[in-house]
Structures are given as C-alpha cells and as structure tokens.
Amino acid sequence: MAADTHYLAEADELHTAAAQAVRKYGPSSQAVVFLKYEELIRLWHAHLTIGPTHDLCDRLARTAEDIRTAYARQLTVRHDHPTRLVQSDPLIIEFDRGVFQDRYGVAAATAVKQTWHVRSAEIPADFVTGAPHMFVIDDEGRLLIWRRRFNLRELIFGRAKSHVDGVPVAHPMLVPDRLRVRAAGEIVLIGAPQVHAVVANTKSGHFRPPPSTGAVVREVCAELFDVPTHRVDVFTLGGLSDQGYANSTHRLVEATS
C-alpha cells in the first residue's frame, strides 16, 4: 500500500506543478506536456497496484485528454523533408537513403544490435519499464524498440545527449535496410514482467507520421502485449490528414522515384 500511496502522491505533486506551468507558459507548452506525461505514467503505475477505481480511471482519462489536446496543437510541418510516401493503404513512409547514409549510416549496425524486436508479451530481463524508449513499427508491421532508455525530459525538450557510436540517435537507425515505417515515436511500458499499460506518441522528427498512424500503434501494442486498447494511450501530433501528408510528399516522390 505504501507504493500505491507513493505513486499517487507523486502524481498529485506533478498535477499541481502542471497547473502552475499552464498559468505561466500556456496549456500547450513543453513544460506542461512534460509534467502531464510524468503524471500519467505515475497514474498508470497506481492503476496497476490499486486497480481500476472509478476516481483513478476518471483521472487517467482527463490527464490523457489534456496531453492529447496539447499534442494536437503541435502541427506536423513537412515542406521539403527527406521522406516520401511509398504506400497509402497502409500508410508507409520511407526516409531518404542518401541522407541516411550521410548522417547515420556509420552507427546503424550498433543501433540495430541494441534494438528489441517485440515478438511476444514477454519483456527482456534487461529492459527498463516505466521509462521512455524510441520505437518504430516497420513496413512489415514489426514493433522495434531501442533498448536504451531515455530521460523523459530529454524526449520533451530534445535528445541531444543520446548517441550511438558518436552519432545522434534517430528513428531511421532502427530500420537501416529498408528505411520504411508505418509509425514511429516514443513509448513507455508500464508493468513487468507482464505489460499492464502502454503510453506512446508518434513524435518522430525524421519520419513525421500523420495523426492516423496512432491507430496503428494502438492496435500493434494491444496485440503484442496482450492488453486492452483502453490501456494503450497514444498521442499524435496534429496538422495533416493522410491526404494532406501525401500531397506534401508529392514533389519528393517525383524527385526520388
């Protein structure tokens, strides 16, 4: 029971800090998203230990909605980004091979060795749950998670300290052979050895997936980790519909096909 109280007490402190940050920086500020994200993770840990009480479920839903609203205000901007849409149903995004080799190719083999290909709900003994990790769902529907954990502050405010062989880590490094994904972002698994809940987003500065890819993340995680979809929170950046995304990549498709 002490652990249960600990999670809720931390969630309360984070909730208070988030309210103060809203007044100071606005509801969609990075500070608010960071605090709300931390609060949500504590609440899911409490849900695991306490169980699905009405008040806790209501608070989980409200906190997730606050984060979802903030993420929706963060628009996906593409312009001449080095990706192209290679398939629309299902949506598949490809990162430019030349750019990849120039920026990340030297460290790709090491990154792949540090990646967990999720084939079942069994969590590797050395994998840290309750902490953020980078992930992709490749064009074949495989969930690939980089084993090295991040600090949530790094994810919200930038991953400048995370490197592989001296190269800043990036989502394309998890799929070096084909450079194609159906979704990409950051993921937190709650519970071990059985996953109880999943908190994920589609925040990838390299693939920049549209909001519809959130459904892919939810379905794949629910199936692989054997959790109901209501225990998979996925936050997507706003801005582009699939059609808008396709139109934004049209010039790049013509130039690279």
Side-chain angles (χ1 to χ4, degrees), residues 37 74 76-87 90-119 123-124 126-129 131-189 198-210 213-214 216-217 220-221 224-225 234-237 245 249 252-253 255-256:
Y37 226 92
Q74 299 179 33
T76 301
V77 180
R78 294 192 49 77
H79 301 305
D80 291 335
H81 195 256
T83 53
R84 65 171 185 160
L85 188 67
V86 296
Q87 184 173 305
L91 193 87
I92 295 177
I93 308 161
E94 180 181 83
F95 194 78
D96 182 78
R97 172 64 61 182
V99 175
F100 174 78
Q101 289 300 134
D102 181 56
R103 297 179 184 176
Y104 310 110
V106 67
T110 301
V112 169
K113 291 177 181 177
Q114 298 173 350
T115 299
W116 169 29
H117 174 193
V118 182
R119 294 182 173 87
I123 299 176
D126 61 345
F127 188 85
V128 181
T129 59
H133 293 77
M134 184 174 67
F135 83 93
V136 301
I137 297 174
D138 71 8
D139 58 330
E140 296 178 346
R142 301 182 304 166
L143 175 59
L144 307 170
I145 303 178
W146 198 42
R147 290 174 181 263
R148 284 171 55 182
R149 63 174 292 177
F150 288 111
N151 178 289
L152 188 59
R153 186 182 298 275
E154 289 179 335
L155 293 185
I156 301 298
F157 297 102
R159 283 196 297 263
K161 296 181 180 179
S162 301
H163 291 74
V164 175
D165 293 343
V167 177
V169 69
H171 286 101
M173 295 165 72
L174 305 187
V175 285
D177 292 337
R178 292 171 58 78
L179 295 177
R180 295 181 175 186
V181 303
R182 294 182 61 191
E186 301 147 356
I187 192 167
V188 180
L189 304 182
V198 177
V199 177
N201 63 55
T202 58
K203 188 177 179 182
S204 170
H206 292 82
F207 287 108
R208 303 189 183 184
T213 59
V216 176
V217 178
V220 169
C221 287
L224 286 174
F225 296 121
V234 184
F235 305 109
T236 60
L237 300 184
Y245 189 97
T249 63
L252 285 175
V253 171
T256 59

*Is it true that D138 and R178 have a side-chain N and a carboxylate O under 4.0 angstrom from each other?*
no
*Flag the pair V112 / P176 as yes when at least one side-chain heavy-atom distance between them is below 4.5 Å, and no otherwise.*
yes
*Ignoring hydrogens and angles, tell me if any N or O in the side chain of R208 forms a donor-acceptor pair with the backbone of G205 under 3.5 Å.*
yes
*asked:* Apply side chain to side chain contact (heavy atoms under 4.5 Å, CB included) to residues R180 and R84 and explain how you reach the verdict.
replied: CA-CA 9 Å; R180 295 181 175 186; R84 65 171 185 160; 4.1 Å; yes
_Non-hydrogen side-chain atoms of V234 and C221 separated by less than 4.5 Å_ = no
*What heavy-atom pair brings F207 and P172 nearest, and what distance separates the two atoms?*
CE1-N, 3.7 Å
*V216 side chain near P90 side chain, heavy-atom distance below 4.5 Å*: no
_D96 side-chain N/O to G98 backbone N/O, donor-acceptor pair under 3.5 Å_ = yes
*Minimum-distance pair of heavy atoms, taken over all atoms of V217 and A200*: CG1-CB, 4.0 Å
_I'd like to know whether L189 forms a side chain to side chain contact (heavy atoms under 4.5 Å, CB included) with V198, so could you lay out the CA-CA distance, the side-chain angles of the two residues, the decisive distance to 0.1 Å, and finally the verdict._
CA-CA 5 Å; L189 304 182; V198 177; 4.0 Å; yes
*Side chains of H206 and F95: does their closest heavy-atom pair fall under 4.5 Å?*
yes
*Atom pair OG1/CD1 of T213 and I92 - distance to nearest 0.5 Å*: 12.5 Å
*Just by modelled atom types, is the H163 backbone N or O under 3.5 Å from a matching donor or acceptor in the R148 side chain?*
yes
*What are the two closest heavy atoms between M173 and P168, and how far apart are they?*
SD-O, 3.7 Å
*Do the side chains of F235 and V199 get nearer than 4.5 Å, heavy atoms only?*
yes
*asked:* To the nearest 0.5 Å, what is the distance between CD1 on I137 and CD1 on I145?
replied: 9.0 Å
*Closest approach of P132 to V188 (non-hydrogen atoms, all atoms of both residues)*: CA-CG2, 3.6 Å
*Atom CZ of R147 and atom CD of Q114: how far apart are they, to the nearest 0.5 Å?*
9.5 Å
*With the side chain counted from C-beta on, respond yes when V106 and D165 share a heavy-atom pair under 4.5 Å apart, and no when they do not.*
no
*Taking the side chain as every heavy atom from C-beta outward, state whether F225 and V118 have any atom pair closer than 4.5 Å.*
yes
*asked:* Once rounded to the nearest 0.5 Å, what's the spacing between atom CE of M134 and atom NZ of K203?
replied: 14.0 Å
*At their closest point, which heavy atom of A108 faces which heavy atom of F100, and how far apart are they?*
CB-CZ, 3.8 Å
*If you measure from NE2 on H171 to CZ on F135, what distance do you get to the nearest 0.5 Å?*
6.5 Å
*Under 4.5 Å between any side-chain heavy atoms of L179 and Y104, yes or no?*
no
*Would you give the length of the straight line joining atom CG of L224 to atom NE2 of H117, rounded to the nearest 0.5 angstrom?*
8.0 Å
*asked:* Quick check: closest heavy atoms across P209 and I93, and the distance to 0.1 Å?
replied: CA-CD1, 3.8 Å
*asked:* Parallel, tilted or perpendicular: which one describes the rings of F127 and H133, with boundaries at 30° and 60°?
replied: parallel
